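Just so we're clear, the structure is a prediction, and the values are computed from it rather than from any experiment.
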Amino acid sequence: MQGNLSAWLVKHALIHRSLGFDYQGIETLQIKPRDWHSIAVILYVYGYNYLRSQCAYDVAPGGLLASVYHLTRIEYGVDQPEEVCIKVFAPRRDPRIPSVFWVWKSVDFQERESYDMLGISYDNHPRLKRILMPESWIGWPLRKDYIAPNFYEIQDAH
């Protein structure tokens with residue numbers, strides 16, 4: 001089943017894949033990394049002016065990494081704003097996704113956290129560096145294939 005936004009994207013020849021609807025009826029779309037920045041700008045112009053959240057997850061050990069964006073279309077006088085969920089998948093070996101910082105500035109710390117925990121590089125992000133872990137930390141703690149170092153070894157290193 002295709003939602004309103006997916007139908008609009010098809011009408012304007014914008015490449016995407018509909019992933020259906022979540023339990024709240026919010027449409028979920030998959031966008032390829034190379035198309036994400038231009039489609040993000042189009043969605044902003046279309047009215048999705050609020051980035052509610054951005055998160056990332058490891059799909060499977062050795063598999064893809066996903067960056068997820070929850071967008072809301074806030075309009076004056078509308079009781080129930082329109083929402084959409086966008087998923088952008090990246091290969092584990094070189095996970096690169098265009099940053100949407102210049103579209104929605106609120107994504108700043110969220111993309112940095114996704115970088116810090118999963119190692120997804122957000123191209124053209126102005127301050128992409130670790131935000132939770134020390135700069136000297138090796139690895140990406142939320143990847144399913146991450147092997148946690150012995151706590152005492154880390155403690156003794158200081």
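- The two residues L29 and S6 have their closest heavy-atom pair at CD2-CB, 3.9 Å.
- Note: the hydrophobic cluster containing Y44 also contains Y122 (ILVMFWY, side chain heavy atoms under 4.5 Å, direct or indirect links).
- L71 and L19 fall into different hydrophobic clusters, defined by Ile, Leu, Val, Met, Phe, Trp and Tyr side-chain heavy atoms under 4.5 Å apart, directly or through other members.
- Among all heavy-atom pairs drawn from P141 and D116, the shortest one is CD-O, 3.7 Å.
- Looking at R52, its side chain never comes within 3.5 Å of a backbone N or O of T72 through a donor-acceptor pair.
- E83 and Y48 share no donor-acceptor pair across their side chains, judged by distance under 3.5 Å alone.
- With a 6.0 Å radius and a threshold of 12 heavy atoms from other residues, nucleotides or ligands, I15 has its CD1 atom at or below the threshold.
- Under a 3.5 Å cut-off, the side chain of E111 and the backbone N or O of V100 do form a donor-acceptor pair.
- For the pair R143 (side chain) and L118 (backbone), a donor-acceptor distance under 3.5 Å is present.
- Other residues, nucleotides and ligands place more than 12 heavy atoms under 6.0 Å from the CZ atom of R130.
- With a 6.0 Å radius and a threshold of 12 heavy atoms from other residues, nucleotides or ligands, K144 has its NZ atom above the threshold.
- The environment of CG in N4 is sparse: at most 12 heavy-atom neighbours from other residues, nucleotides or ligands sit within 6.0 Å.
- Residues V103 and I42 share a hydrophobic cluster, clusters being chains of Ile/Leu/Val/Met/Phe/Trp/Tyr side chains in contact below 4.5 Å.
- Shown here for S121 and L128, the closest heavy-atom pair between the two residues is CA-CD2, 3.9 Å.
- Judged by distance alone, the side chain of E27 and the main-chain N or O of G3 form a donor-acceptor pair under 3.5 Å.
- Minimum interatomic distance between P98 and W36 (heavy atoms only, all atoms of both residues): O-CD1, 3.5 Å.
- Rounded to the nearest 0.5 Å, atoms SG (C85) and CG (L5) are 11.5 Å apart.
- The cationic group of K105 lies under 6.0 Å from the six-membered ring centre of F101 and within 45° of the ring axis, placing it in a cation-pi geometry.
- V68 has its side chain within reach of Y57: a pair of non-hydrogen atoms, C-beta onward, lies under 4.5 Å apart.
- Side chains of S53 and Q110: no donor on one and acceptor on the other come within 3.5 Å.
- Y115 and W137 fall within the same hydrophobic cluster, defined by Ile, Leu, Val, Met, Phe, Trp and Tyr side-chain heavy atoms under 4.5 Å apart, directly or through other members.
- Between the CD1 atom in I86 and the OG atom in S67 there is a gap of 11.0 Å [rounded to 0.5 Å].
- Distance check, rounded to the nearest 0.5 Å: CG of L51 to NE2 of H70 gives 9.0 Å.
- With Y46 as the aromatic partner, R73 meets the cation-pi criteria of under 6.0 angstrom to the ring centre and within 45 degrees of the ring axis.
- Residues C55 and S114 come closest through the heavy atom pair C-OG, 3.9 Å.
- Annotation: the span from K32 atom NZ to I97 atom CD1 amounts to 14.0 Å, rounded to 0.5 Å.
- With a 4.5 Å cut-off on side-chain heavy atoms, F21 and T28 do not count as touching.
- Rounding to the nearest 0.5 angstrom, the gap separating the CG atom in L65 from the CH2 atom in W140 is 10.5 Å.
- Residues D123 and S99 are not in side-chain contact: their nearest non-hydrogen atoms beyond the backbone lie 4.5 Å or more apart.
- With a 4.5 Å cut-off on side-chain heavy atoms, V84 and Y69 do not count as touching.
- Heavy atoms of other residues, nucleotides or ligands lying less than 6.0 angstrom from OH of Y146 number more than 12.
- Taking hydrophobic clusters as Ile, Leu, Val, Met, Phe, Trp and Tyr residues chained together by side-chain heavy-atom distances below 4.5 Å, W102 shares a cluster with I31.
- Taking NE2 of H16 as the start and CG of L9 as the end, the distance is 5.0 Å to the nearest 0.5 Å.
- Side-chain polar atoms of D108 and H125 form a donor-acceptor pair below 3.5 angstrom.
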